[in-house]
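One structure below.
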Amino acid sequence: MAARNDQTLQIALIITVGTAVVLTGFLVYVNRLRADHLQAETALRNEKREEEGNARRYQEENENYRTMMGFGQFDSLEDVQKQYEEDQQALMGTFEPADRVYRTAVERLVSEINRSTKQEDQAKQREAELKKRLLATEAEKDSQIKQFQETVKKVEADAARERRKFNEARAALKEKEKKAIDALNRQRAAHEEELGQLNGQISELDSQLVKIVRSRDKLLEERKRGEPSFEVSDGRIAWVNQANGTVWINLGGADALRRQVTFSVYEQSASDAGKAEKKAAIEVIRMLGDHMAEARITSDDARNPILPGDWIYSPLWHRGKQIHFALTGVIDLDGDSRPDLQQAKDLIALNGGALDASVKDDGGWEGEMTVETRYLVLGEFPNKPSQSEFRDSWSKMSADAKDLGVETITLQEFLNQMGYKPLDRTVVLGEGSQSKDFVPKPSQFRPRSPYGVR
């Protein structure tokens, strides 16, 4: 029983101690919370006092600003606003909206006063200077009047003397005028006689000019015709030897034919040599008679061989007639990206043609195209930045060809019609060379065996 009482006492003691600890912690928390509230209340009181001080200061500044701007210290905002709007209409009506304030108005007013004061000072200085100059001018005027009177007397004396000289010169001039009129009448008669002779010459020249214009218009009309071109062939194939690649043609020395002249070959049924499709090309190698020559075949098609009776044609060579040409653009005959201008000139001369105008190596052009020029051969268009001179020549020569009715053909058409074929090259060197041009030759030896020769 005693043990149970002791246990009860211990439990009561523990509960009492725990309760005391909890109450102690609660009292500490309450004291801390009270201290925080007191500190916050003190801060609020200080902030309130500071705001009241700021309000009093702002009120004092507001009253001072009103006094400085000319308003009453205790005027209401409505009175100040009303007076400000009236001042805006009266004093600041021409100002920008952003500048309609008293400070800007005062600054401009002071500036205007200063400017007016300065102008007034300058006006006073100019007035004093003008008075001084007026006095000097009055003194000078009296001196000039006296001098002028003396000059008038002298002028009147000189005028009387000059009048006498004038009358004498006038009489001499009338005599000269009479002689000049007589000479003019004689010259007029001679001029009318000469004019009559010139009118007769002009009439004769006009008649000749009309004939020339008619001939030119007729030639231009023929040049401007479209399809077909009505180009006639130059001759025919008389005999073919396919074994050695030669042919005989019905042209010779009596036709002014020369060696190395090239021709295109066309079907017997072709009626327009200028538009017909070329089947082969030949080059004259020797004369066999007055109207017979031998030529080698430079290109043909085994599926469409050359036959006796086929037509031959060249734009460069015509029997008894010299064909006139002009060259422009980049002339490249063999496609190696190198100009062949001189070779093209030699080719035209070799075939009996005449070169009227040509582009030069520097891009300019020389010579002149006329209505007698038959073809303008267009080389490759110069599209590089450094070829501006070539492009100008191309444009000018093409425009002249259009005005004169000169037919334009491409360089390839020109070469095809004359049957020209450039020499084959193993490798093209230079700017136009490509890696595919360097094809390795097949080996002439049998591959070596790794096991020795057998």
E168 bridged to R164 by N-O distance under 4.0 Å: no
Considering all heavy atoms, the nearest G379-I331 contact: CA-CD1, 3.9 Å
Donor-acceptor contact below 3.5 Å, side chain S398 vs main chain S395: no
R45 vs E41, side-chain contact (heavy atoms from CB on, under 4.5 Å): CA-CA, chis, key distance, verdict: CA-CA 6 Å; R45 288 195 185 116; E41 183 180 358; 2.3 Å; yes
Worked verdict on E150 versus K146 for salt bridge (charged side-chain N to carboxylate O under 4.0 Å, His left out): CA-CA 7 Å; E150 294 176 355; K146 183 178 180 181; 5.3 Å; no
R57 atom CZ, over 12 foreign heavy atoms within 6.0 Å: yes
Interatomic distance, D400 atom CG to E368 atom CD [nearest 0.5 angstrom]: 8.0 Å
SB check D121 K124 (cutoff 4.0 Å): no
Least distance between heavy atoms, I297 atom then I282 atom: CA-CG2, 4.2 Å
Close side-chain approach of T19 to I15, heavy-atom, < 4.5 Å: yes
L198 CG to H191 NE2 distance, which is reported to the nearest 0.5 Å: 8.5 Å
Neighbour count above 12 (heavy atom, 6.0 Å) for E50 CD: no
Polar side-chain atom of S393 near backbone of G363 as donor-acceptor pair, under 3.5 Å: yes
Donor-acceptor contact below 3.5 Å, side chain D332 vs main chain D336: yes
Shortest non-hydrogen contact from G329 toward F390: O-CD2, 4.5 Å
Candidate pair L411 and L415, rule side-chain contact (heavy atoms from CB on, under 4.5 Å), full reasoning: CA-CA 6 Å; L411 179 62; L415 298 178; 4.3 Å; yes
For V265 against I312, the heavy-atom pair lying closest together: CG2-CG2, 4.2 Å
Approximate separation, where rounding is to 0.5 Å, of M369 CE and R374 CZ: 14.0 Å
Shortest non-hydrogen separation from K384 to R391 and the atoms involved: O-NH1, 2.5 Å
side-chain hydrogen bond (donor to acceptor under 3.5 Å, both in side chains) assessment of R170 paired with N167: CA-CA 5 Å; R170 184 179 181 182; N167 292 331; 5.3 Å; no
Nearest atoms (heavy-atom pairs only) where L341 meets V359: CD2-O, 3.0 Å
Candidate pair R188 and N185, rule side-chain hydrogen bond (donor to acceptor under 3.5 Å, both in side chains), full reasoning: CA-CA 5 Å; R188 183 180 291 111; N185 291 332; 3.0 Å; yes
Greater than 12 external heavy atoms within 6.0 Å of E140's CD: no
Interatomic distance, D301 atom CG to K278 atom NZ [nearest 0.5 angstrom]: 11.5 Å
Validation row: H37, L33 side chains within 4.5 angstrom (heavy atoms): yes
Trace of the side-chain contact (heavy atoms from CB on, under 4.5 Å) decision for L44 with E47: CA-CA 5 Å; L44 290 173; E47 185 177 352; 4.3 Å; yes
Steps toward side-chain hydrogen bond (donor to acceptor under 3.5 Å, both in side chains) verdict (Q342, D361): CA-CA 9 Å; Q342 187 57 47; D361 293 332; over 6 Å; no
Enclosure of K360 NZ (heavy-atom neighbours >12, cutoff 6.0 Å): yes
Over 12 non-hydrogen atoms of neighbours within 6.0 angstrom of CD in E366: yes
Exam field: side chain T298 to backbone A281, donor-acceptor pair closer than 3.5 Å: yes
Test side-chain contact (heavy atoms from CB on, under 4.5 Å) applied to Q343 and L347, step by step: CA-CA 6 Å; Q343 186 177 351; L347 188 63; 5.7 Å; no
Atom pair CG (D356) and OG1 (T373), whose distance is rounded to the nearest 0.5 Å: 3.5 Å
Ion pair E127/K131, N-O distance below 4.0 Å: yes
Geometric class of the Y266/Y313 ring pair [parallel <30°, tilted 30-60°, perpendicular >60°]: tilted
D234 side-chain N/O to S314 backbone N/O, donor-acceptor pair under 3.5 Å: yes
CD on E380 to CH2 on W394, rounded to 0.5 Å: 9.0 Å
